[in-house]
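A short write-up of the structure that comes next.
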Amino acid sequence: MADTATIYHNPRCSKSRAALEYLEQTRLKIVTVDYLQSPPDKNTLLEILAELQLQPRQLMRQGDATYIELNLNDESLTYDQLIAAMIEHPILMERPIVRFNGDAAIGRPLDKIIELLDE
């Protein structure tokens, strides 16, 4: 549905809460996915990466303790290994992510979501 936005949301994150609050002020139907409780499957994650035009590592929170503990900065890791790490440890994903009309944006800063919805 063209007037629906999906937000991959972490309620404990202030940036994610701000993005959800902004979306709630629009006339869009909002689908909220608590991605820590319901992580995207492989196909969904691949779609998100394509919409963002990013490689897996670019979607990861590289300063996160889990990223460091799992040694995900190892350049020998494959695309599929990085995808698998995000599926198993969704906390690694940058947030919030908003999908709208076949495109997506990471809401850091919030202006990126505003731009996405205005396109």
Side-chain angles (χ1 to χ4, degrees):
M1 177 182 267
D3 59 346
T4 300
T6 300
I7 180 171
Y8 291 83
H9 176 61
N10 178 347
R12 295 189 333 218
C13 171
S14 63
K15 301 287 186 193
S16 193
R17 289 192 309 268
L20 181 58
E21 184 178 313
Y22 173 78
L23 289 172
E24 288 172 341
Q25 295 173 13
T26 69
R27 293 187 172 183
L28 298 173
K29 178 181 178 199
I30 305 162
V31 176
T32 304
V33 178
D34 181 337
Y35 71 94
L36 295 177
Q37 300 299 316
S38 301
D41 62 19
K42 182 177 181 178
N43 287 336
T44 303
L45 191 51
L46 292 174
E47 289 173 1
I48 291 169
L49 286 166
E51 292 169 0
L52 290 168
Q53 299 178 20
L54 295 177
Q55 293 297 308
R57 192 172 277 115
Q58 294 173 298
L59 183 57
M60 293 180 163
R61 302 178 66 231
Q62 296 181 27
D64 188 87
T66 302
Y67 183 90
I68 295 163
E69 290 168 14
L70 296 175
N71 197 30
L72 294 172
N73 63 338
D74 180 349
E75 292 296 323
S76 70
L77 294 172
T78 66
Y79 188 96
D80 286 337
Q81 288 172 314
L82 295 171
I83 295 290
M86 280 190 281
I87 292 168
E88 186 172 342
H89 305 279
I91 193 69
L92 290 167
M93 292 173 50
E94 286 286 354
R95 60 185 181 257
I97 300 168
V98 174
R99 299 176 75 190
F100 180 68
N101 281 350
D103 206 354
I106 298 171
R108 291 175 177 258
L110 182 59
D111 292 347
K112 291 184 178 184
I113 293 172
I114 295 168
E115 290 172 17
L116 173 69
L117 300 180
D118 286 343
E119 290 180 352

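The figures here come from the full heavy-atom set of this structure, side chains too, leaving out hydrogens, waters and symmetry mates.
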To the closest 0.5 Å, what do you measure between [atom1] ([X]) and [atom2] ([Y])?
X	Y	atom1	atom2	value
Leu70	Gln81	CG	CD	11.5 Å
Leu110	Tyr22	CG	OH	7.0 Å
Asp118	Ile113	CG	CD1	12.0 Å
Glu51	Leu46	CD	CG	11.0 Å
Glu94	Ser16	CD	OG	11.5 Å

Partner of Tyr67 under side-chain hydrogen bond (donor to acceptor under 3.5 Å, both in side chains), picked from His89, Arg61, Arg57, is Arg57
Starting from [Y], can I reach [X] by hopping between I/L/V/M/F/W/Y residues whose side chains sit under 4.5 Å apart?
X	Y	result
Ile7	Ile91	no
Ile97	Met60	yes
Ile30	Leu117	yes
Leu49	Leu116	no
Met93	Val31	yes

Counting only N and O atoms by type, is there a donor-acceptor contact under 3.5 Å from the side chain of Arg17 to the main-chain atoms of Arg12? yes
State, to 0.1 Å, how close [X] and [Y] come at their nearest heavy-atom pair, and which atoms those are.
X	Y	result
Pro90	Leu36	C-CD2, 3.9 Å
Ile83	Pro56	CD1-CG, 3.8 Å
Val33	Ser38	CG1-O, 3.6 Å
Val98	Ala5	CG1-CB, 4.3 Å
Tyr35	Tyr8	CD2-C, 3.7 Å

Yes or no on side chain to side chain contact (heavy atoms under 4.5 Å, CB included) for Ile106 and Leu59, after CA distance, side-chain angles and deciding distance? CA-CA 9 Å; Ile106 298 171; Leu59 183 57; 3.8 Å; yes
Quick one about Asp74 and Ser76 (side-chain donor to acceptor, distance below 3.5 Å, no hydrogens or angles considered), yes or no? yes
So does Glu21 have more than 12 non-hydrogen atoms from other groups sitting under 6.0 Å from CD? no
May I ask you to check whether over 12 heavy atoms, not counting those of Gln62, lie within 6.0 Å of atom CD? yes
Test side chain to side chain contact (heavy atoms under 4.5 Å, CB included), reference Ile87, set Leu92, Leu45, Leu82, Asp41, output is Leu45
Pair Leu52-Gln58, side chain to side chain contact (heavy atoms under 4.5 Å, CB included): steps then yes or no: CA-CA 10 Å; Leu52 290 168; Gln58 294 173 298; over 6 Å; no
With the side chain counted from C-beta on, respond yes when Leu20 and Pro96 share a heavy-atom pair under 4.5 Å apart, and no when they do not. no
Worked verdict on Lys42 versus Asp80 for side chain to side chain contact (heavy atoms under 4.5 Å, CB included): CA-CA 9 Å; Lys42 182 177 181 178; Asp80 286 337; 3.7 Å; yes
Would Arg99 and Thr44 satisfy side chain to side chain contact (heavy atoms under 4.5 Å, CB included), going step by step from the backbone distance to the final call? CA-CA 11 Å; Arg99 299 176 75 190; Thr44 303; 3.7 Å; yes
